[in-house]
Every structure is written in structure tokens, then in C-alpha cells.
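Read the numbers this way: they start at 1 and go in the same order the structure lists the ligands and their atoms.
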Amino acid sequence: MKILITGKNGQLGQQLQQDAPKGVELVALGREDLDISDRAAVFSALDEHRPDVVINAAAYTAVDKAESEVDCAYSINATGPENLAVACKEFGARLIHVSTDFVFDGSKSSPYTVEDAIRPLGVYGGSKAAGEVAVQAILPEAVIVRTAWVYAAHGSNFVNTMLRLMNERDQLGVVADQIGTPTWTGTLARALYSLAANDCAQGIYHCTDAGAASWYDFAVAIYEEGKASGLIPADKEVSIDPITTADYPTPASRPPYSVLEKRVEVNGKGIKLHHWRQVLRQVLQSKAN
Ligand SMILES: NC(=O)c1ccc[n+]([C@@H]2O[C@H](COP(=O)([O-])OP(=O)(O)OC[C@H]3O[C@@H](n4cnc5c(N)ncnc54)[C@H](OP(=O)(O)O)[C@@H]3O)[C@@H](O)[C@H]2O)c1
């Protein structure tokens, strides 16, 4: 099976390259090789490589910056997947597109199902929602995988920012009234390859690690697991205090609750999802070794 990955330099793009299953021929393209907002370039890449499956890991992910870069966010998150869907249809490739919990407004207090109506709050969520709608309209058999609170062992993300700050400071305030689910890129890569291997997969799936947490809970867990793994010195004391969203204003509104009901299952067969804290422990332990 030949799989073409877009956004190869991103958190997910790098994990997909590391975790490619045996028997998969991977073509990994970064923005410098393929700008997904350029339809002619997308057509030419699919024509050249003729993949069986395209996994779109490219996205504009700067949630706050998107509020002032609306056109840029839409050209990457809406026009990009639209271009990929049109080209996949033309060249007979399957499309697996990655989306976000931020397509929801967070007004629920129980996990969002794949049937729930989307209602994004900000430009980033709006642009990702427009991408989903375009993909479904052009290629109804496409797979859309919504995920949330993504982190990789390396690179710029909440986990690595917290580890750095916890090594530098002795006090941190972290938002405690936004609830979601931390998700390791390795979990997501496993789910995406499993869906790629199953021709029957189509429609919307939700994939995060298991469980739920606030950013505050997540920070406390990073502190405890960071100490246990040696990434934070055992004698380094940091006071982590819960704060509210109102205490930490940001340009973009975020959903207060965006836990997704997981469904990574095709014909009754699925992948096992582990609790986010257990996954975090394993990621930090292997990062420390
Ligand atoms: N990160 C999260 O917390 C989170 C949460 C929910 C859902 N998601 C979704 O998960 C997916 C993967 O996210 P991620 O965390 O891996 O994102 P990421 O680390 O920001 O990576 C995105 C990659 O896309 C590339 N890119 C941007 N514009 C492009 C274009 N026009 N053409 C081709 N490539 C382009 C970026 O390149 P440059 O480096 O050159 O900009 C970057 O390498 C995305 O669909 C995202 O919306 C992420």
C-alpha cells in the first residue's frame, strides 16, 4: 500500500514517518514539497506519486494567531483539504483527513459523538469545520478523524512547554475550567494506519487517548510524571495553581468542554485506547531514556 502524507514536518507528520507499518510505501511531503492550498500542486503530486491513500497531516494550527490571519487559516484548513478531496477523487485515492475537537462549541457536558452538530467558536475551529464540510461534499467516502490536545515527545506543544517552565519557575497558573483529552501523536498514528488498512472505513471517527482532564490536571500530571522520569529534578518544587479562562484571556475562544466519545472501529474491530495519564507516563519515560 502506498500512502502519501502531507505536512511531514509537523508533530503528527513526523510520528507517521516513524511509525509506518511494514509493507507501507510512504511518500512524505512537507510544505516545501507540497503546499496543499495550491490545487495545481496537489494534482501534480497525486499524478506523480499515485498513492492508494492520502493522509492529510498538514494544517494551520496556531489557534490564537488564526483570529488575525483568517484568510491564511482558511486557505490551509478549508481550501487545502478541499483540494486534496478533488484530487483524490480524480486519481482514485482514499483520503484520511485529520480534524479537531474545536469544531464543537463545548456547551455539552458529556462526550461529543460523531453525530453531534458542529458549531465552532473561533477562526481555527471554523476553518477546520469548513475543511470537513468540503471533504464530505466532494468525497463522501473519505475518512475524517477528529482528535484533541495533541502532543508529541519532541517539538513545540503543551507538554514540552510545561516541562521547560517547571524547570525554570517555582509557580505556574494553569486553566482548570477547560476539559478535553490529551492525545499522544503515537495513538493517533496507530489509529490512522489502522483506518488506512481498512477499505471499509469511511465517515467521521473520534480518536483521542482515553479519559478526560483539564489543562490544570494535565499540568499536574506532567509535573508528577516529569519528576518520576527525571525530566524535572526530584528536589525542584513548583506550585501549580488552578486559574480560570477569564484569568487567562486569549484572542480565540476555546470550547470549555471538548471530550470526544471515541470511535475508532470498523466492522466491530477497533484499536484499544489507553488512559491519557498512562500514555503520558510512557512518553515521558522514553523521552528521559
Ligand atoms: N496540535 C493540536 O493540539 C491539535 C488538536 C486537535 C487537532 N489537531 C489536528 O491534528 C493535525 C496535526 O496537527 P499537528 O499538531 O501535527 O500540527 P503541526 O505540528 O502544527 O503541523 C502542521 C504541519 O502542517 C504544515 N503546513 C502548514 N501549512 C501547510 C500547507 N499549506 N501545505 C502543506 N503543509 C502545511 C506545517 O508546516 P510549517 O511548519 O511550515 O508551518 C506543519 O509542519 C491537524 O489537522 C490539526 O488541526 C491538532
Side-chain angles (χ1 to χ4, degrees), residues 4-19 27-42 44-45 54-66 69 71-84 87 95-104 106 112 118 120 122-132 134-135 142-162 178 180-189 191-192 204-209 213 215 218 252 254-255 258-260 276:
L4 186 149
I5 291 169
T6 63
K8 77 166 185 186
N9 301 315
Q11 298 195 87
L12 175 60
Q14 292 191 39
Q15 189 80 48
L16 285 166
Q17 291 171 80
Q18 266 177 43
D19 295 356
V27 178
L29 304 177
R31 189 207 285 253
E32 60 287 4
D33 315 302
L34 173 61
D35 175 350
I36 61 166
S37 64
D38 177 343
R39 183 169 296 194
V42 171
S44 137
V54 173
I55 300 180
N56 181 28
Y60 180 107
T61 55
V63 175
D64 289 316
K65 218 166 150 201
E69 292 189 351
D71 290 349
C72 185
Y74 270 82
S75 79
I76 299 167
N77 291 343
T79 309
E82 177 184 325
N83 290 340
L84 289 166
L95 175 61
I96 301 183
H97 172 60
V98 181
S99 192
T100 172
D101 55 335
F102 278 30
V103 297
F104 295 116
Y112 279 92
I118 57 175
V123 171
Y124 167 73
S127 65
K128 294 291 291 185
E132 288 189 4
V135 165
V143 171
I144 294 175
V145 181
R146 294 190 189 125
T147 187
W149 295 26
V150 175
Y151 69 94
H154 302 285
S156 169
N157 54 50
F158 186 79
V159 172
N160 288 324
T161 301
M162 284 295 127
Q178 288 171 29
T181 309
T183 305
W184 176 45
T185 44
T187 305
L188 190 53
L192 293 170
I204 298 176
Y205 295 81
H206 284 175
C207 175
T208 65
D209 284 322
W215 290 110
F218 192 17
R254 287 161 165 76
S258 63
V259 178
L260 303 177
W276 66 267

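Under the 4.0 angstrom criterion for non-hydrogen atoms, Gly80 is not in contact with ligand 1. Heavy atoms of Tyr60 stay at 4.0 angstrom or farther from ligand 1. Using 4.0 Å as the threshold, Ser75 has no heavy atom nearer than that to any atom of ligand 1.
Nearest to atom 18 (P) of ligand 1 by heavy atom, out of Val63, Thr61, Thr185, Thr208, is Thr61. Here the shortest heavy-atom distance to atom 36 (C) of ligand 1, taken over Gly30, Ser258, Ala59, belongs to Ala59. Nearest-residue assignment for atom 7 (C) of ligand 1 (options Ala41, Ser99, Cys207; heavy-atom criterion): Ser99.
Tyr124 OH, 3.8 Å is the protein heavy atom nearest to atom 8 (N) of ligand 1. Looking only at protein heavy atoms, the nearest one to atom 16 (O) of ligand 1 is Leu12 N, 2.9 Å. When only non-hydrogen protein atoms are considered, atom 19 (O) of ligand 1 lies nearest to Gln11 N, 2.9 Å. Looking only at protein heavy atoms, the nearest one to atom 33 (C) of ligand 1 is Leu34 O, 3.2 Å. Protein heavy atom in closest approach to atom 35 (C) of ligand 1: Ala58 CB, 3.7 Å. Annotation: atom 40 (O) of ligand 1 to nearest protein heavy atom, Arg31 NE, 3.1 Å. The single protein non-hydrogen atom nearest to atom 21 (O) of ligand 1 is Gly10 CA, 3.2 Å, given as residue, atom name and distance.
For ligand 1, one of its N or O atoms has an N or O atom of Lys128 under 3.5 Å away. Considering backbone and side-chain atoms alike, Thr100 places every N or O at 3.5 Å or more from each N or O of ligand 1. Between Asn56 and ligand 1, no N or O atom pair is found at a separation short of 3.5 Å. Backbone and side-chain nitrogen or oxygen atoms of Leu188 are examined, and none is located within less than 3.5 angstrom of a nitrogen or oxygen of ligand 1. Checked by distance only, ligand 1 and Val98 come closer than 3.5 Å through their nitrogen or oxygen atoms. Not one N or O of Thr147 is nearer than 3.5 Å to an N or O of ligand 1, by distance alone. In terms of polar-atom proximity, defined here as any N/O pair under 3.5 Å, Val150 does make such a contact with ligand 1. Any N or O atom pair closer than 3.5 Å counts here, and Ile36 shares at least one such pair with ligand 1. Of the N or O atoms in Gly7, none lie within a sub-3.5 Å distance of an N or O in ligand 1. Considering backbone and side-chain atoms together, Asp101 places no N or O closer than 3.5 Å to any N or O of ligand 1.
Listed by number with element, the atoms of ligand 1 under 4.0 Å from a non-hydrogen atom of Asp35 are 30 (C), 31 (N), 32 (N).
Scored by the salt bridge (charged side-chain N to carboxylate O under 4.0 Å, His left out) test, Glu132 finds Arg146 as partners (sequence neighbours excluded). In this structure Thr183 satisfies the side chain to side chain donor-acceptor pair (under 3.5 Å) test with no other residue, sequence neighbours excluded.
When heavy-atom distances to ligand 1 are checked against a 4.0 Å cut-off, Thr6 has no atom that comes that close, whether in backbone or side chain. When non-hydrogen atoms are compared, ligand 1 lies under 4.0 Å from neither the backbone nor the side chain of Phe102.
Atom CG of Asn56 sits about 10.0 Å away from atom CG of Asn83, to the nearest 0.5 Å. Atom NZ of Lys8 sits about 15.5 Å away from atom CD1 of Ile55, to the nearest 0.5 Å. To the nearest 0.5 Å, the span separating OG1 on Thr6 from CZ on Arg31 amounts to 11.5 Å. Atom CG of Leu260 is separated from atom OG1 of Thr147 by 7.5 Å, given to the nearest 0.5 angstrom.
Ring geometry, Trp215 versus Trp149: the interplanar angle falls under 30°, so the pair is classed parallel (tilted spans 30 to 60°). Aromatic ring pairs are classed by plane angle as parallel below 30°, tilted from 30° to 60° and perpendicular above 60°; the pair Phe158 and Phe218 is parallel.
There is a side-chain donor-acceptor pair under 3.5 Å between Gln11 and Asn157.
When side chains are defined from C-beta on, Leu29 counts as touching Leu4, because their heavy atoms get closer than 4.5 Å. Side-chain contact between Ser127 and Tyr60: absent, with no pair of heavy atoms (C-beta onward) separated by less than 4.5 Å.
Within the 3.5 Å criterion, the main-chain N or O of Ala148 finds no donor-acceptor partner in the side chain of Thr208. Remark: the backbone N or O of Ser37 is not paired with any side-chain donor or acceptor of Ser75 at under 3.5 angstrom. Not one N or O on the side chain of Asn77 forms a donor-acceptor pair closer than 3.5 Å with the backbone of Tyr74.
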* **Pair Thr187-Asp209, side chain to side chain donor-acceptor pair (under 3.5 Å): steps then yes or no** => CA-CA 7 Å; Thr187 305; Asp209 284 322; 2.5 Å; yes
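Distances from atom 10 (O) of ligand 1 to the protein include at least one heavy-atom value under 4.0 Å.
A salt bridge does not link Lys128 with Asp101: every distance from a Lys NZ or Arg NE/NH1/NH2 to an Asp or Glu carboxylate oxygen is 4.0 Å or more.
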